[in-house]
Amino acid sequence: MPAAFKFGLLFCFLSLFGFQQAYASDPIIIYQSERLVITRLSENTFQHTSFLQTRDFGNVACNGLIVRDGNETIVYDTPTDDAGSYELITWIEDSLHAKVKAVIPTHFHADCLGGLQAFHAHKIPSYAHRKTIALAQEKGYVVPQHAFDDLLVLEVGDQKATARFFGEGHTTDDVVGYFAREHVLFGGCLIKAVGASKGNLEDANQDTWSDTVRKVKAAYPDVQIVVPGHGDPGDSGLLDYTIGLFEKK
């Protein structure tokens, strides 16, 4: 049997049973502008990165995640401003030929919901933890529209995307996102890139941070790709690194 034919049979078999290749070890930048970078992580997941000028840490690159099935997407965290969000929405529509079904800010800071108004202007519904909504109202930020408590499950195409609260860490309202089809976890600012410092602790609960991430790790034993709020994606080693960084000595 020719080798090419054998490979074709193998590809069909893997496709039939839903095999998905993880690409986090070799992410590919597929779009780049002055305010927005989009990196392909796997067949249907894309990291979006925008930039936030901060007083203490300079110009910080801030990550979010796009998950796709068919002609629908869900976005975790907005770019840092409305201009970046408009650019992201346009890219999804023009390049992925898909609509944005929902946006999920994973906590109340500007690197998660700074561009929320642009999504609302496009009539894209927003979902956030009840604590995030209360904190956004308190700070005078644009407020997400729909509240959830511990778990949110949304359909994207024929698949499901989730957001879940495991406990306090970077803030009191951190949630993480998970796309089971491709075993991709969006850890947001709860999860640190390998080698990162503790970062902004202004609203943090360092006493519970490690235990919260342990719960995340236990909930997703099959995770293949982990996207932190800042820095490079990787595998479950990011969870272990974060646990160690905030472990009580």
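- Checked against the 6.0 Å centroid criterion, the rings of His129 and Phe108 do not qualify as a close aromatic pair.
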Begin with the C-alpha distance, continue with both residues' side-chain angles, and end with the deciding distance and a verdict on side chain to side chain donor-acceptor pair (under 3.5 Å) for Glu182 and Asn44. CA-CA 8 Å; Glu182 294 180 16; Asn44 291 290; 2.9 Å; yes

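- Across every non-hydrogen atom of Tyr178 and Val184, the tightest pair is CD1-O, 3.3 Å.
- For Ser33, the side-chain contact (heavy atoms from CB on, under 4.5 Å) criterion is met by Tyr31, Arg35, Leu36, Glu87, not counting sequence neighbours.
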When you look at Ile225 and His183, which way does the side chain to side chain contact (heavy atoms under 4.5 Å, CB included) test go after all the steps? CA-CA 7 Å; Ile225 301 172; His183 308 290; over 6 Å; no

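- In terms of heavy atoms, Val67 sits closest to Ala161 at CG2-CB, 4.1 Å.
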Please test Thr45 against Phe186 for side chain to side chain contact (heavy atoms under 4.5 Å, CB included), starting from the C-alpha separation and ending with a verdict. CA-CA 10 Å; Thr45 64; Phe186 180 62; over 6 Å; no

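- For Thr80 and Asp111, the side-chain atoms include no donor-acceptor pair closer than 3.5 Å.
- Note on residues 208-220: pairs passing side chain to side chain donor-acceptor pair (under 3.5 Å), not counting sequence neighbours, are Asn205-Thr208, Asp211-Arg214, Arg214-Glu247, Lys217-Asp240.
- Between Ala118 and Asp82 the shortest heavy-atom distance is N-OD1, 3.2 Å.
- Pairs passing the side chain to side chain donor-acceptor pair (under 3.5 Å) check and including a residue from residues 140-166, sequence neighbours excluded, read Arg130-Asp149.
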Could you walk me through whether Asp203 and His170 pass the side chain to side chain contact (heavy atoms under 4.5 Å, CB included) check? CA-CA 7 Å; Asp203 300 302; His170 172 68; over 6 Å; no

Given Leu41 and Val227, is the side chain to side chain contact (heavy atoms under 4.5 Å, CB included) satisfied, shown in steps? CA-CA 9 Å; Leu41 302 175; Val227 181; 3.5 Å; yes

